[in-house]
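We name chains A, B, ... by the order of the sequence lines, and we start the count at 1 in each one.
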Amino acid sequence: MTPEPPNRGGAESEPDGALSDVLADRRAKLERLRAAGIEPFPPTFADAETVAAVRAAHADLSPGEETTAVHRVAGRISARRGQGKMAFFDLADRSGKLQLQARVNELGAERMAVLTGLDLGDLIGVEGTAFCSRSGELSLRVSDFQLNAKSLRPPPDKHHGLTDVETRYRRRELDLIANERAREIFITRARMIAAIRRYLDEHGFIEVETPILQPLYGGGMGRPFITHHNALGRDLYLRIATELYLKRLIVGGLERVYEIGKQFRNEGVDTTHNPEFTTIEYYEANADYLAVAARFEALVAHVAAAVGYTGPHDFSAPWRRETFAGAIAARTGIVLTDHPDRASLAAAMRGIGIEPKPTDSWPQLADELLSKRVEPTLIEPTLLLDYPLELSPLAKRHRSEPGLVERFEAYVDGMEIANAFSELNDPDDQRARFLEQERYKAEGDEEAQPHDEAFVVALEHGMPPTGGIGIGIDRLAMVFSGADSIREVVLFPAMRD
RNA sequence: GCCGCCGUAGCUCAGUCGGUAGAGCAGCGGACUUUUAAUCCGAAGCGCGUCGGUUCGAGCCCGACCGGCGGCACCA
């Protein structure tokens with residue numbers, strides 16, 4: 001048999017046995033086709049319609065009804081029934097499946113034998129006449145066909161599909177072939193991103209691209225990946241957020257900017273975290289966090305409509321709103337302002353059965369309370385407003401509440417999907433906040449943000465009042481598709497070797 | 001990193017009290033002009049994630065490791 005090519009990227013090594021027999025059979029068939037003068041990998045199949053378009057053109061046919069309409073479609077053979085003088089095939093393209101009927105008196109014995117000799121998984125293009133079968137199935141009676149590409153490996157089971165989770169993630173192409181649900185999720189994700197772009201483009205925002213390889217990371221909490229540039233002879237960080245560069249563009253007068261792109265955080269993997277993930281951040285001059293909240297609500301409602309969302313949530317504005325401190329008080333009875341120091345707050349937490357970590361600072365304890373007792377309860381779309389200053393080194397001090405900042409996070413299904421604030425534009429305050437972060441870092445907080453002096457110098461040139469937000473695209477895709485794991489909405493999620 | 005569950009044919013799965021591994025689909029040979037998980041006949045295919053241990057004997061028991069899922073920790 002033909003030697004296997006070198007393995008790469010997750011293809012398992014082949015054992016002897018059934019699979020190698022199957023591979024040998026398919027390769028033998030390939031050679032028979034070539035010997036018969038059939039090119040197994042032709043360059044093109046022009047002018048094909050989608051299956052959905054063919055279906056739309058004949059939506060009202062009744063069982064047994066014939067037409068004279070000729071259609072060309074292209075796709076993968078997903079099922080075959082019968083093999084004698086007449087055979088039926090299911091042809092699948094991205095838009096759906098269509099039945100094909102092949103008859104020897106239509107094609108001739110030789111072409112019929114070629115067609116019925118093809119394998120499940122082979123890619124074909126066909127031309128045929130539309131009709132409706134006795135049982136009401138729209139079908140094409142094949143008058144001509146072309147093998148578009150030979151498949152040399154067996155596809156997943158035509159009935160049970162592919163359910164093994166590991167195989168679905170590692171070999172997403174097989175998941176997409178076998179599972180319509182997988183195709184739907186990624187189409188929904190694409191429509192969602194397109195709708196976000198459309199909305200922002202129509203509201204005066206311009207799309208920009210800022211560095212992924214950065215001399216200094218920043219703009220969020222999180223540990224970075226470190227890489228190395230050979231020619232420059234220095235280490236660089238993969239970005240963890242787009243925030244600081246985008247605000248420099250606001251300083252530069254671009255006024256409304258957004259960026260959609262990957263962020264990278266060197267942290268754990270679970271159902272809501274993948275080490276590389278996609279965000280959209282946008283910044284708007286002369287807006288505060290309340291204006292951002294209103295636009296965010298409008299944006300999500302717009303996206304929900306664009307993807308045809310029919311799930312359990314109502315995304316129409318305004319969303320339910322709570323304050324950070326109010327939400328904690330309502331769930332735990334702990335009033336943060338009654339516990340202004342670490343020891344007092346830690347004692348209060350022990351009183352409700354949470355053992356605080358000895359290394360946590362006051363703001364980290366407050367954050368712990370939030371994530372343990374509040375976040376899981378935020379199922380319906382909710383905005384949580386007005387965070388403690390210490391948790392928010394890039395946000396502007398609250399106009400009326402000392403110790404707080406003008407910030408909100410958006411939650412759905414107990415999951416944070418967005419984080420926004422009135423951006424801090426006082427350069428002296430920003431520098432002081434960075435210095436405070438440096439102190440946390442020196443005390444061992446690995447996620448504290450490094451001091452970015454270039455950013456502060458940019459602020460010294462003057463940044464208008466600005467509202468900004470970062471939205472987790474993957475999590476939003478989970479919400480809109482009903483997926484319960486981020487791996488279901490990331491095409492190739494991170495896996496061990 | 002810790003805890004629990006899981007890993008049997010290309011795919012989907014069964015495998016009793018430890019006794020030497022099965023089914024459907026796919027594939028192979030054959031029949032079949034309206035099927036819908038097409039049907040029927042025939043032949044074939046896995047030594048059970050890996051390594052080690054207990055045993056006369058291990059897919060079943062024990063240990064380690066690898067991988068997956070879930071939870072905890074961490075984070076968005």
Side-chain contact test, heavy atoms from C-beta onward, threshold under 4.5 Å: evaluate it for A/Glu127 versus A/Phe145 and give yes or no. no
Between P on B/G68 and CZ on A/Arg496, what's the gap in Å once rounded to a whole number? 6 Å
With A/Asp474 as partner, the option from A/Arg487, A/Arg189, A/Glu276 fulfilling side chain to side chain contact (heavy atoms under 4.5 Å, CB included) is A/Arg189
What's A/Ser371 touching, base or sugar-phosphate or nothing? Going by heavy atoms closer than 4.0 Å. nothing
Atom OH of A/Tyr411 and atom P of B/A76 are separated, to the nearest Å, by 9 Å
Counting Watson-Crick and G-U wobble pairs only, both distances under 3.5 Å, name the nucleotide matched with B/C72, or none. B/G1
Could you check whether A/Phe277 and the base of B/A76 form a stacked pair, meaning centres closer than 5.5 Å and planes differing by less than 30°? yes
Is a donor-acceptor contact shorter than 3.5 angstrom present between the side chain of A/Arg103 and the base of B/U34? yes
Nearest-nucleotide 5' precedence on RNA chain B, A/Ala79 against A/Lys85: A/Lys85
Counting any heavy atom closer than 4.0 Å, what does A/Asp270 reach on the DNA or RNA strands: base, sugar-phosphate only, or nothing? base
Using the P atom as the point on both nucleotides, what is the distance between B/A73 and B/G10, in whole Å? 40 Å
Length of the line joining A/Ile473:CD1 and B/A76:C1', which is rounded to integer Å: 13 Å
Heavy atoms only, 4.0 Å cut-off, all strands: where does A/Arg141 land among base, sugar-phosphate and nothing? base
Just call it for A/Gly82: base, sugar-phosphate, or nothing, with non-hydrogen atoms closer than 4.0 Å on any strand. base
Please confirm whether the shortest side-chain N or O distance from A/Thr163 to OP1 or OP2 of B/C13 is below 4.0 Å. yes
If you check every side-chain atom of A/Lys357, which of B/U34, B/C74, B/G70 has the closest atom? B/C74
Taking only side-chain N and O atoms of A/Arg81, does any of them lie within less than 4.0 angstrom of OP1 or OP2 on B/U35? no
Ignoring hydrogens and geometry beyond distance, is the side chain of A/Glu137 in donor-acceptor contact with the base of B/U34 at under 3.5 Å? no
Do any side-chain nitrogens or oxygens of A/Lys372 fall under 4.0 Å of OP1 or OP2 in B/A73? yes
Does a side-chain heavy-atom distance below 4.5 Å link A/Val257 with A/Phe205? no
Aromatic ring pairing A/Tyr237/A/Tyr217, orientation class (parallel under 30°, perpendicular over 60°, tilted between): perpendicular
Which of the following nucleotides, B/G67, B/C28, B/C69, is nearest to the side chain of A/Glu166? B/G67
Integer-rounded Å distance: B/A38 C1' and A/Gln101 CD: 14 Å
May I ask you to evaluate whether A/Arg487 reaches the phosphate of B/C69, defined as a side-chain N or O under 4.0 Å from OP1 or OP2? yes
With a 3.5 angstrom cut-off on both distances, give the Watson-Crick or G-U wobble partner of B/G7, or none if there isn't one. B/C66
Mind checking if A/Gly220 touches a base, just sugar-phosphate, or nothing, with heavy atoms under 4.0 Å? nothing
Classify the nucleic acid contact of A/Lys29 as base, sugar-phosphate or nothing, counting any heavy atom under 4.0 Å across all strands shown. sugar-phosphate
Taking CG from A/Leu138 and P from B/U35, how many angstroms apart are they, rounded to a whole number? 17 Å
Classify the ring geometry of A/Phe434 against A/His451: parallel below 30°, tilted from 30° to 60°, perpendicular beyond 60°. parallel
At 4.0 Å (heavy atoms only), tell me whether A/Glu409 reaches a base, stays on the sugar-phosphate, or touches nothing. nothing
Could you check how far CG of A/Asp164 sits from C1' of B/A9, rounded to whole Å? 14 Å
By ring-ring contact (aromatic ring centres under 6.0 Å, His included) - contacts of A/Phe480 (at least two apart): A/Tyr309, A/Phe315
If the cut-off is 4.0 Å, is A/Arg170 near the phosphate of B/G68, judged by side-chain N/O to OP1 or OP2? yes
Using heavy-atom distances to pick each residue's nearest nucleotide on RNA chain B, tell me which of A/Ser485 and A/Gly84 is more 5'. A/Gly84
side-chain N/O A/Arg80 vs B/G27 OP1/OP2, d < 4.0 Å: yes
Do A/Leu383 and A/Glu409 have side-chain heavy atoms sitting under 4.5 Å apart? no
Less than 3.5 Å between a donor and an acceptor, one on the side chain of A/Ser133 and one on the base of B/U35, is that the case here? yes
So what does A/Asn274 touch, heavy atoms closer than 4.0 Å: a base, only the sugar-phosphate, or nothing? base
Take atom CG of A/Asp122 and atom C1' of B/G27, then tell me their distance rounded to the nearest Å. 13 Å
Tell me the interatomic distance from A/Arg171, atom CZ, to B/G68, atom P, rounded to whole angstroms. 16 Å
Euclidean distance for P, B/U16 against B/A31 (whole angstrom): 41 Å
Using atom C1' in both nucleotides, what's the gap between B/C6 and B/C74 to the nearest angstrom? 25 Å
What contact category does A/Met415 fall into here, base, sugar-phosphate, or nothing, at under 4.0 angstrom with non-hydrogen atoms? nothing
Describe the nucleic acid contact of A/Arg26 in one word from base, sugar-phosphate, nothing, applying a heavy-atom distance below 4.0 Å. nothing
Using the P atom as the reference point in each nucleotide, state the distance between B/U55 and B/C25 in Å, no decimals. 44 Å
